[in-house]
Each structure stands twice: as structure tokens, then as C-alpha cells.
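Working notes for the structure below.
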Amino acid sequence: MELIEETPYRFRVERHGDMRVPGMVFASRALLSSGEAQKPLEQVANVATLPGITEASFAMPDMHWGYGFPIGGVAATDVRRGGVVSPGGVGFDISCGVRLLASDLGRDALRPILEQLMEGLNRSVPHGAGRGAVWKLSGPKEMAALLGEGSRYAVEQGYGTDTDLERCEDYGAVGDAVPEQVSERAVQRGLEQVGSLGSGNHFLEVQVVTDVYDNEAAEAFGLREDQVCVMIHCGSRGLGHQTCTDHVRTIEKRMPRHGLRVPDRQLACAPVDSPEGRAYLGAMAAAANYSRANRQLLQAAASRTFQETTGRSLEMVYDISHNLAKVETHEVDGELRELCVHRKGATRALPPGHLDLPAGLAKVGQPVLVPGSMGTSSYVLTGVPDGAAFHSTCHGAGRQQSRHQAARATRANELRADLLKQGVVVRGASARGLAEEAPAAYKDVSAVVEAAEGGGLCRRVARLAPVGVVKG
DNA sequence: ATGTTC
């Protein structure tokens, strides 16, 4: 695949074959040579063939290979011009995302109680594959309420405050959720997993703010140097996974009926304005709300332990998803259009002044939370005026080794010792899980963020370094 | 990511 360098941080894939629009890759030469670039670039080109795709098939600097779409892919389809929705453009972990909490504790005060805090968090925050969660739902009826209301439902039940909801994307719940579109099997899988981290790259980290790049934005977000924070990264567990599986199956079956053909069956799609398309979006919104409630409950569990151990409270900074499709209005060619924006391993980055922002953030823009790999930095970014890719940016470091490669190349015990030497306490991780998540398996998150900023997608606000990790 | 191959 030939890449044309338009700027040091933006590369173009010319239209070829059935591509309806070009590919636009935000990256650097160095990032493009880290890991396998050819396979995700082919996926960028494949996505460009989707009916109704507008402007370009975009990839963020943390791009890597995924199911159908690349992870780090952004694609917007025009709803009124035959635009499609594709579950592969959201991914299996629907509304997987990050919640950041901040305390008024400094790093020195934490040091003597860090071990005790990590022990407590390891006990109070359910993690790992399979069972164990903060809640066990009474049944499908309670599940329907949660799928409709997301974090709001958790807050109604006493797990948080209205102030928390103000700092959640969509004020804690995606609208137009259709709980009936979540299958019985998905509901069954989800009943005993609300309030659990899961496994893989999901984690809870205790972090310290090491750098502030933008004082005004950091202050609006409630962040300042040397502050102890807690970051939670998790998703919609088995319920989201099952929901994706179910709807991919239906949508794939109905494609001939709509006369739709795609270069890769993992790009199965349906017109947004079709029964299958609407059914998927309703189910996706419901699964997204499960993910939002999940993070609200984990916040409550972590806050309680943090309060007991340190005597301080944790305040909400923001909660943002990086796997979601949204129908949004954007100006294209001087005309307002209704677009279905798929962000898969990509984060919305609302600019200052956007109407969807709460009053406290209107002046500076929306916080973008970018978790790094284990033992490295995480970043807080914000949106910029005229942000490219429909106001989207990166979501993390991005894999450069497959799970299998990483597991083979890493000795878990050595990694654990190395992290401890760096001052990072790790709890809960299985040997296999730890090895798969080795920092060497990921791109350099600082290089990713530099490319995202250089490409005009966002700007940096703060950097955080981990001191403790709870993993599945 | 995921009851890591319905």
C-alpha cells in the first residue's frame, strides 16, 4: 500500500479499486515502521469502500489490525445518502472506555500507604476473566433499566452523584437504547458482571500527574501537578461481546437484500436507515450503557477503598468511550449533514465551545483520556477547533506485537520485578495476562500523542505516570 | 476484547 506524505504527521492512501474516498492516516514515519503497518492499511482501504462514507477513511496514530476495521479507525457515513453502520466499526467491546478520578493527595503522602492501597483496591475492584462483580442483578427487568440508563441508573441506586454524571460523555447514558435488541443470552452473560474490570488491556491504575502542558484546561478538568489520580479502563464485558456477535450475524445475512457487498466479510454492514441498522444501533446503545454503569460502579468501589486508606475523596475528571458509533451532525462541503461516525479505538474530542459540553468545560473543550501501556504514561488531551476526522483522536498506545508474540517474548516474573524497580506496584495480573500486556508489546504512547497533536487532532493537557496497577 | 474455538 503506497502512502503519500502530506505533512510529517499525515499520510494519504490514494483511491484505488472500489475505494469511494481516500484513506487518511495520522501517524509519523517512526510509528508507521513500528509493528505491522501493511495489514491495518489494507483495512483502511477496505473501509473506504463502504456505502455513504464521507471525506476519508481515517486512521489514528495508534492504528493496528482489528476485526474488519483497524483499531484506531474512524469512518463517517452519510445517513441520508445510503450510509451504512457496521458493527466491526465499533468492535466487540462496545463503549470500552476510560474514567479518570482525581484526589487532592500528593505523591509523597501516598508513598508510605501505597502497598496498603493497592492491596485494598485489589480486593475491592473485581477483575479477571469470568465471574465476580460489584453487582449481581436481580434479573432481566433490572437489566433493562440499566441498559436504558447507564451510569444514571447506578447513580439513582446510590453509587455516585449527579456531579459525576456531568463529567460523563452523554451525561452518563447514550440515548435511543433499545434493551429489547440485546439478546437473552447477552443479558444472561451480563447479569453477574456489572462492576468488573475484565481482563486483557483493562486495568485500574493509581497514577500521579507528572506534567501539565495547559494550565487553564488542566484547572477546568480538576488536574494539577503531583496529584494522585485513579484511572479505570474497562468495557461491556460478555454482554457487549455477545451483542456484537448477534448483530454481525443478522446483518451479514441481510446484506444481499440491500444489495451490499464488502471486500471483507468482517465489514458486514446495513444501511443506518434499515431495520437491521436501527436494531444494531439500539442494541449498541444499550450495551454502551452497560459499559457506562460498569465504570460508575467501579468508581464507587475504588473511591470507597481510597477514602478508607488515604482519608481523601476521589473526584470525577471525565468518562469517555473509545469504541462507539454515533449519529452526529457535521458540516461537509458547506452543508450540515447527519453522519454515523464510527470510532473504533478512537476517541471523540469535542473542541472548546461545543454545545454538547457541560458549562464547566465549554471554554476549554472535552477531556480525552488516553491510557498508555502498563508501566508507561497516560495522557489527558482536549479537542481543538476544526479538529480533523470529525473531532476524533487516538485512544491509547496501540499494539505493535500480537498477544501471542508478546506472551512468547516476555517473562512475567522479570517484568513484574522491572516494574517494581520503576516504582510501579502490580496486583492481580495472571502471568499470561501480564506478559501479553508488556510495554514492549505497545507503541510509544508519547510518540502517538505527539503525532495526534501534530496532525491537528487534539492538544495535550497533562501526563500521568503509574505507581500502582490492578489487572485481570 | 471475549464463558480466549457454537
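In what follows, chains are A, B, ... by sequence order, proteins preceding strands, each numbered from 1. We use all heavy atoms of the structure for the numbers below, so side chains are in, but hydrogens, waters and symmetry mates are not.
Counting non-hydrogen atoms under 4.0 angstrom, A:G235 reaches nothing in the nucleic acid. Contacts of A:R237 with the nucleic acid, taken as non-hydrogen atoms under 4.0 Å apart, involve only primed sugar atoms and P, OP1 or OP2.
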Do A:R167 and A:D319 pass the salt bridge (Lys or Arg N to Asp or Glu O under 4.0 Å) test, and can you show the C-alpha distance, the side-chain angles, and the key distance before you say yes or no?
-> CA-CA 7 Å; A:R167 290 302 189 98; A:D319 180 296; over 6 Å; no

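Applying the ring pair (Phe, Tyr, Trp, His ring centres under 6.0 Å) test to residues at least two apart or on different chains, the pairs with a partner in residues 120-147 of chain A are A:W135-A:Y153, A:W135-A:Y159.
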Distances for protein N/O vs nucleotides 4-6 of chain B N/O pairs under 3.5 angstrom?
| residue | atom | partner | partner atom | Å |
| --- | --- | --- | --- | --- |
| B:dC6 | N3 | A:R185 | NH2 | 3.2 |

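You'll find the ring centres of A:Y67 and A:F92 inside the 6.0 Å limit. Aromatic pair A:H395/A:H233: centroids not less than 6.0 angstrom apart.
One interatomic measurement links the two molecules: CG of A:L239 to P of B:dT2, which rounds to 12 Å at whole-angstrom precision.
Residue-environment remark: CG (A:N413) stays at or below the threshold of 12 foreign heavy atoms within 6.0 Å.
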